[in-house]
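Have a look at the structure below before the remarks.
Nothing fancy with the numbering, it's 1 onward along the sequence.
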Amino acid sequence: QVQLVESGGGLVQPGGSLRLSCAASGLSLDYRAIGWFRQAPGKEREGVSCIQQSDGSTYYERSVKGRFTITRDKATNTVYLQMNSLKPEDTAVYYCVTLECGSSWSGGMYYENLSNWGKGTLVTVSS
């Protein structure tokens with residue numbers, strides 16, 4: 001049974017940093033891509049970043065490019081999202097999910113076949 005558990009959220013001031021973790025069980029990062037999504041209050045859930053299973057290629061939604069970095073540790077089966085230069089508009093519940101993903105024609109991230117959602121971790125960016 002696949003299970004994803006997010007952690008690392010919290011309250012941070014604008015311009016600050018946080019690192020989120022997604023601990024995966026029941027799967028291997030060699031064979032499954034993992035993505036980060038977020039949902040802000042009153043808004044639809046949106047893709048943020050993903051890392052592919054084959055070669056570890058990474059993709060980002062345009063608003064976080066240059067500020068967020070997704071990495072993985074196959075030894076611990078954990079995917080991380082390092083978030084720097086945080087803005088109030090980054091406030092959201094962040095989820096990890098298994099998916100298929102790649103680069104979209106517009107330079108962002110495409111994704112499909114989303115499944116195995118975690119329960120999320122809340123990130124609040126506020127002074």
Side-chain angles (χ1 to χ4, degrees):
Q1 181 180 356
V2 174
Q3 186 175 18
L4 303 177
V5 179
E6 304 93 338
S7 63
L11 173 64
V12 62
Q13 292 187 341
S17 298
L18 277 177
R19 188 177 79 158
L20 305 183
S21 300
C22 173
S25 59
L27 60 81
S28 168
L29 297 183
D30 282 322
Y31 301 109
R32 301 296 293 272
I34 300 291
W36 284 97
F37 279 64
R38 66 185 180 186
Q39 187 165 21
K43 295 189 176 181
E44 293 187 355
R45 197 171 293 189
E46 65 173 354
V48 174
S49 181
C50 69
I51 184 163
Q52 287 189 337
Q53 69 275 30
S54 52
D55 59 1
S57 294
T58 59
Y59 304 92
Y60 299 92
E61 188 266 333
R62 286 184 292 174
S63 69
V64 306
K65 275 185 179 180
R67 299 189 299 123
F68 290 11
T69 304
I70 188 170
T71 58
R72 65 182 179 181
D73 182 340
K74 291 194 281 185
T76 61
N77 235 29
T78 303
V79 174
Y80 300 98
L81 185 68
Q82 178 67 44
M83 306 187 296
N84 298 329
S85 301
L86 282 161
K87 305 175 181 180
E89 51 264 43
D90 295 317
T91 295
V93 178
Y94 284 72
Y95 302 88
C96 55
V97 61
T98 59
L99 76 175
E100 297 179 24
C101 69
S103 179
S104 72
W105 65 269
S106 61
M109 182 181 84
Y110 96 87
Y111 47 85
E112 59 185 1
N113 297 330
L114 308 175
S115 62
N116 304 302
W117 291 90
K119 293 185 178 180
T121 186
L122 176 63
V123 172
T124 302
V125 184
S126 175
S127 55

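A salt bridge does not link Glu6 with Lys119: none of the charged nitrogens is closer than 4.0 Å to a carboxylate oxygen.
Clustering ILVMFWY residues whenever any of their side-chain heavy atoms sit less than 4.5 angstrom apart, transitively, puts Val2 in the very cluster that holds Val79. Val125 is connected to Tyr60 through a chain of hydrophobic side-chain contacts under 4.5 Å among Ile, Leu, Val, Met, Phe, Trp and Tyr, so both are in one cluster. The hydrophobic cluster containing Val64 does not contain Tyr111, counting ILVMFWY residues as joined when their side-chain heavy atoms lie under 4.5 angstrom apart, directly or transitively. Note: the hydrophobic cluster containing Leu18 does not contain Leu11 (ILVMFWY, side chain heavy atoms under 4.5 Å, direct or indirect links). In terms of hydrophobic clustering, with Ile, Leu, Val, Met, Phe, Trp and Tyr side chains grouped at heavy-atom distances under 4.5 Å, Ile70 and Tyr95 are assigned to different clusters.
To the nearest 0.5 angstrom, Lys87 atom NZ is 7.5 Å from Ser63 atom OG. The distance from the CE atom of Met83 to the CZ atom of Arg19 is 11.5 Å, given to the nearest 0.5 Å. Here the CZ-CG distance, from Arg32 to Asn77, works out to 11.5 Å after rounding to the nearest 0.5 Å. Note that CE of Met109 is 6.5 Å distant from CG of Leu99, once rounded to the nearest 0.5 Å. Interatomic distance, OG of Ser103 versus OH of Tyr59, reported as 6.5 Å (0.5 Å rounding). Rounded to the nearest 0.5 Å, atoms CG (Leu20) and OG1 (Thr78) are 12.5 Å apart.
Looking only at atom types and distance, the side chain of Ser126 has no donor-acceptor partner in the side chain of Thr124 under 3.5 Å away.
Under the 3.5 Å distance criterion, the side-chain polar atoms of Gln52 are left unmatched by any main-chain donor or acceptor of Ser54. Distance alone, capped at 3.5 Å, places no donor-acceptor pair between the Ser104 side chain and the Tyr110 backbone. Side chain of Lys65 to backbone of Gly107: a donor-acceptor contact under 3.5 angstrom is found. Using a distance-only test at 3.5 Å, with no hydrogens or angles considered, a donor-acceptor pair links the side chain of Arg72 to the main chain of Gln53. Of the possible donor and acceptor atoms, none in the side chain of Ser21 sits under 3.5 Å from a partner among the backbone N and O of Tyr80.
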Steps toward side-chain contact (heavy atoms from CB on, under 4.5 Å) verdict (Val123, Asp90) = CA-CA 8 Å; Val123 172; Asp90 295 317; 5.6 Å; no

How far apart are the C-alpha atoms of Trp117 and Phe37, what are their side-chain angles, what is the distance that settles it, and do they pass the side-chain contact (heavy atoms from CB on, under 4.5 Å) test?
-> CA-CA 10 Å; Trp117 291 90; Phe37 279 64; 3.8 Å; yes

Please step through side-chain contact (heavy atoms from CB on, under 4.5 Å) for the pair Thr121 and Ser7, ending with a clear verdict.
-> CA-CA 6 Å; Thr121 186; Ser7 63; 5.5 Å; no

I would like to know whether Ile51 and Thr71 meet side-chain contact (heavy atoms from CB on, under 4.5 Å); could you show each step before the answer?
-> CA-CA 7 Å; Ile51 184 163; Thr71 58; 5.5 Å; no

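Using bins of under 30°, 30° to 60° and over 60° for the plane-to-plane angle, the ring pair Phe68/Tyr94 lands in the tilted bin.
Contact detail for Asn116 and Leu4: the closest heavy-atom pair is O-CD1, 2.9 Å. Residues Gly16 and Val12 approach most closely at CA-CG2, 3.8 Å, considering heavy atoms. The minimum heavy-atom distance between Ser17 and Ser85, with the atom names listed, is OG-N, 4.4 Å. Taking each heavy atom of Gly102 and Cys50 in turn, the nearest pair found is N-SG, 4.5 Å. In this structure, Ile34 and Cys22 approach most closely via the heavy-atom pair CG2-SG, 4.3 Å.
At least one side-chain heavy atom of Leu81 sits under 4.5 Å from a side-chain heavy atom of Ser49. Inter-residue side-chain proximity for Val93 and Leu122 is flagged as met; some heavy-atom pair is nearer than 4.5 Å.
The side chain to side chain contact (heavy atoms under 4.5 Å, CB included) test applied to Glu44 returns no partner, not counting sequence neighbours.
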